[in-house]
Amino acid sequence: MEKNIFIAFEVLLLTTASGRVVKPIGEKEGFSIYNKLYEFDAMVFGQMCRMVMTSVSGHLLNYEFVGTYKNWQSCSPESLFSAPVIKSCSPDFERIKKTLESQCRSCNVLIIWTDCDREGENIGFEIIDTCLKIKPNLDVYRAKFSEITSPSVKRAIQNLERPNKLISEAVDVRQVLDLRIGAAFTRFQTLRLQKVFPVLAENLLSYGSCQFPTLGFVVERYLERENFIAEPFWKIKVTHEMNDLVVEFRWARDRLYDEAICRSILSRCQENPIAKVEKVEGKPKSKWRPTPLDTTEMEKIASRKLKINAKEALRIAEKLYTQGLISYPRTETNIFPDSINLSSLVELQTKDPSWGGFARNVLREGPRPRQGKKSDQSHPPIHPILYSNSLSGNEARIYEFIVRHFLACVSKDAKGHETTVKIDINGEKFTASGLMILERNYLDVYPYENWSAKCIHEYKQGTTFTPTLLDISESETTAPNLLTEADLISLMEKHGIGTDATHAEHIEKIKIRSYVGLENNTYFIPSAIGMGLVEGYDTMGFAMSKPHLRAELEADLKRICEGTKQSNIVLQEQVNKYKVLFQKAKEQVNKIDAAMSKYMGENAIHLADNEDPLNVIMTRTASVMPCNTCGNDMVVRKHQETLYISCSAYPACKNSIWLPSKVMQLSISEESCETCGPNVKKLEFKFSPGSMAPYYPQHYIGCLNGCDQDFIEMLGVKLGQTNSGSNPSLATQVSYNYTQASTSSGYHSLSSLQSTDTDDTWDRGGGSNRGQKRLRDDNAGRNDGDVPCCFCNIPAKKLVTRKEGPNNGREFLVCSKNDDEKCNYYMWADELTDVKCYCNISAKKLVVRKPGPNQGKEFYACSKSQADKCNFFQWKNENAESHFSNTSNKQDHTRTPQQFRGRGQNSARGNQRKCRLCHQPGHTRRNCPQNGE
């Protein structure tokens with residue numbers, strides 16, 4: 001659900017879906033106090049199921065730039081066309097996200113109940129993405145509904161569909177484009193003009209691909225009016241007065257712009273000023289009732305007739321919707337589907353004292369809606385679904401308008417009779433008409449339209465009369481009116497700027513930015529800033545303020561929804577198009593300076609190239625490797641004295657690798673890892689003396705991407721430590737499979753692929769290892785059989801690496817318990833040996849990497865993590881006894897390190913002897929790998 005305020009309605013209606021009322025089990029608090037949890041039983045897929053319902057508050061995830069690209073001063077605006085973006089959860093919605101993550105663990109099916117429009121579908125996929133990360137085998141469905149009524153909800157739960165990924169992708173494309181284009185041009189305008197005109201230092205000069213054409217409409221009409229030159233014209237006027245009724249006849253030529261010609265024609269008429277009735281025609285006349293109400297029409301009428309601006313009207317309508325009084329108010333449909341019972345909706349209104357009588361008349365004759373021509377295939381037209389007489393203020397006025405419009409559109413057209421009289425005066429033709437209203441019908445309930453009767457004399461064909469007045473009248477053309485809000489919405493709809501749901505937002509934005517103002521609180525007039533921006537781009541030869549660019553995008557988004565064009569192609573085409581425009585605008589930026597100076601009356605400050613904020617040279621931090629969570633760069637950072645590697649998208653992505661204090665210095669090598677590929681750089685380590693001996697030298701070049709498991713374990717780091725609120729997919733790389741679990745994992749259990757309680761698709765090894773800290777358990781070891789035991793002292797489970805990479809097909813062992821209970825045991829199967837360390841578990845085989853006489857020599861060491869391992873050490877080709885001169889019992893493999901003492905060791909001190917060469921315990925100088933250098 002998208003809004004918590006009407007979940008209670010939905011719960012109540014869903015509990016009756018089986019045909020009997022089922023009492024909801026209860027209401028619970030989620031992590032967000034504003035988004036509660038409701039638990040109840042409902043009939044789904046023909047069986048009674050336990051359902052848990054909660055809500056989100058609009059978009060859960062939003063696209064944003066990462067790292068230094070967020071800072072206006074740290075990068076060139078042009079770089080934003082290719083800068084990495086990530087879809088992440090903002091801190092305000094983290095609690096909602098946490099609720100979803102916690103609840104989906106115990107569910108098998110996820111049903112999306114968000115609004116059935118583009119934005120609602122995209123919000124639904126944000127929920128799906130969040131839940132599938134936690135439980136990839138969730139089965140996902142979509143409920144389609146348009147109103148909060150029992151029949152609508154019942155139809156939705158009985159006809160569940162799969163979510164429409166194409167619609168969501170169209171929104172993703174639009175969001176990424178709005179971010180890139182808007183941010184690039186907003187910074188371009190703001191940074192440049194604030195520097196050139198200090199008076200604008202506090203102004204944010206934003207740009208939007210819908211916002212700017214909306215401003216363009218206002219500027220264009222204003223210039224038409226300002227540049228208008230009145231032109232005089234003349235016409236012949238004929239009237240006939242009889243019995244105090246004056247009938248005015250219209251000249252067939254209408255008007256002439258040449259006075260001499262007009263006077264010549266008048267003189268000819270005055271030579272024989274007798275009017276002959278040539279034709280009298282009577283015919284039925286109808287005034288059509290309105291079509292069903294869509295969002296755009298509601299906004300226009302509310303603005304024009306109720307004097308409520310479009311944004312406020314839509315806000316009120318959404319509130320009425322959440323109260324269950326009207327259907328969904330964001331719709332492009334003006335056709336009522338056959339599935340809606342119009343009679344029952346009309347009957348609800350019969351109790352009202354103002355329009356109840358009209359509603360009863362409609363019921364007697366049966367509702368007959370006048371259908372329009374538009375349908376978005378998602379929502380019906382706006383109509384009332386409950387009666388209310390308890391509203392007040394503008395809420396009452398909007399509700400009354402919606403009710404009256406609904407009743408008007410399902411009633412009958414107004415009926416009348418029109419009489420047309422045509423006369424001839426010495427060769428010149430004139431016409432007059434009269435109207436007699438016979439039936440008002442819908443006009444009785446719809447005060448927002450008028451139809452006035454017009455009286456006319458009774459004329460008969462062939463008769464003549466002398467006009468009361470036959471003269472010439474002079475007038476002149478008038479300038480077009482400035483745009484009203486209703487006019488502006490009509491232009492936006494005509495040219496495809498925005499959608500029915502966003503028209504009001506774009507208009508409000510240009511008002512907030514002070515690009516336009518209101519004259520007499522009705523007519524839009526551009527400000528000096530608005531005029532300067534539009535004229536500046538126009539003088540460059542761009543169509544930035546024209547509707548064509550955005551209309552092309554809206555058409556492409558529609559093609560994405562229809563499946564006729566791929567989202568990634570649309571995204572790339574649009575980015576490239578606007579990037580070319582940006583580059584040209586940057587070359588001709590002085591034209592904007594000149595236009596702004598012209599209208600603001602301020603002198604532009606000349607900027608040298610090195611002072612121009614558009615010429616920022618970005619210093620990009622060197623990348624170690626791509627982040628395995630979000631795909632952005634992993635970079636080297638330092639916190640106090642601790643070195644670590646973290647994602648450049650922090651805090652949206654919190655993936656990091658913290659290095660131990662033994663790492664004294666760290667730098668990125670120019671050498672790429674041969675195993676992991678060219679995008680992964682090796683790192684140059686400098687360790688504290690002896691801290692990595694005897695296995696690695698003090699200076700070492702290695703990879704931390706997971707290909708060198710021995711080095712990672714010796715170093716004691718954990719790969720992929722993440723607490724990320726980010727979407728692992730970028731704008732055009734999102735895909736799901738709803739009938740089968742889909743993950744980015746490289747491994748699958750060989751024994752339990754069908755389990756819904758455990759998930760063996762976690763990621764280790766290959767190119768994206770996630771080393772885990774292993775718990776110390778001296779009793780863990782191998783059992784009596786061939787299968788080794790994990791740290792829980794139970795047989796481990798063998799898995800196979802499925803992920804493409806150097807370890808593909810390689811077997812490894814992990815704890816066989818469930819995810820919530822398993823220990824962190826991990827071992828490559830081919831590293832298992834029969835040699836036991838002091839912990840009584842299988843030792844692992846390693847190879848000396850340090851240059852010297854022992855390089856390449858194999859040895860055994862404890863297989864636990866660096867933090868928990870014992871000090872066992874043995875060369876592969878030597879027996880364990882050769883390490884300890886006082887040891888003769890070949891069977892004593894289980895003694896602790898304290899039980900082994902080298903020569904000269906004081907047993908009373910209880911301290912283990914250390915090597916004199918590398919100062920590490922567990923061996924002597926004679927057996928030290930560094931011996932012989």
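We number each residue from 1, following the sequence as shown.
- Here His457 and Phe465 keep their ring centres 6.0 angstrom or further from each other.
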Starting from the C-alpha separation in whole Å, work towards a yes-or-no answer on side-chain contact (heavy atoms from CB on, under 4.5 Å) for Val280 and Thr419. CA-CA 7 Å; Val280 178; Thr419 301; 4.1 Å; yes
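- The shortest distance between side-chain heavy atoms of Val534 and Tyr222 does not fall below 4.5 Å.
- Under the 4.5 Å side-chain criterion, counting only non-hydrogen atoms from C-beta, Thr420 is not in contact with Lys279.
- Ring pair Tyr446/Phe401 is tilted by interplanar angle, where 30° to 60° counts as tilted.
- A salt bridge links Arg268 with Glu428; the closest basic N to acidic carboxylate O contact falls under 4.0 Å.
- Note on Lys511 versus Glu508: salt bridge recorded, some NZ/NE/NH1/NH2 to OD/OE distance being below 4.0 Å.
- Applying the side chain to side chain donor-acceptor pair (under 3.5 Å) test to every pair with at least one member in residues 458-467, sequence neighbours left out, gives these pairs: His240-Tyr459.
- The stretch residues 324-347 participates, sequence neighbours left out, in these salt bridge (charged side-chain N to carboxylate O under 4.0 Å, His left out) pairs: Glu318-Arg330.
- A cation-pi arrangement is absent between Arg289 and Tyr442, since the terminal nitrogen or guanidinium carbon is not both under 6.0 Å from the aromatic centre and inside a 45° cone about the axis.
- Remark: Asp444 does not engage Lys412 in a salt bridge, criterion side-chain N to carboxylate O under 4.0 Å.
- Here the straight-line distance linking atom CH2 of Trp251 with atom CG of Leu256 works out to 4.0 Å at 0.5 Å rounding.
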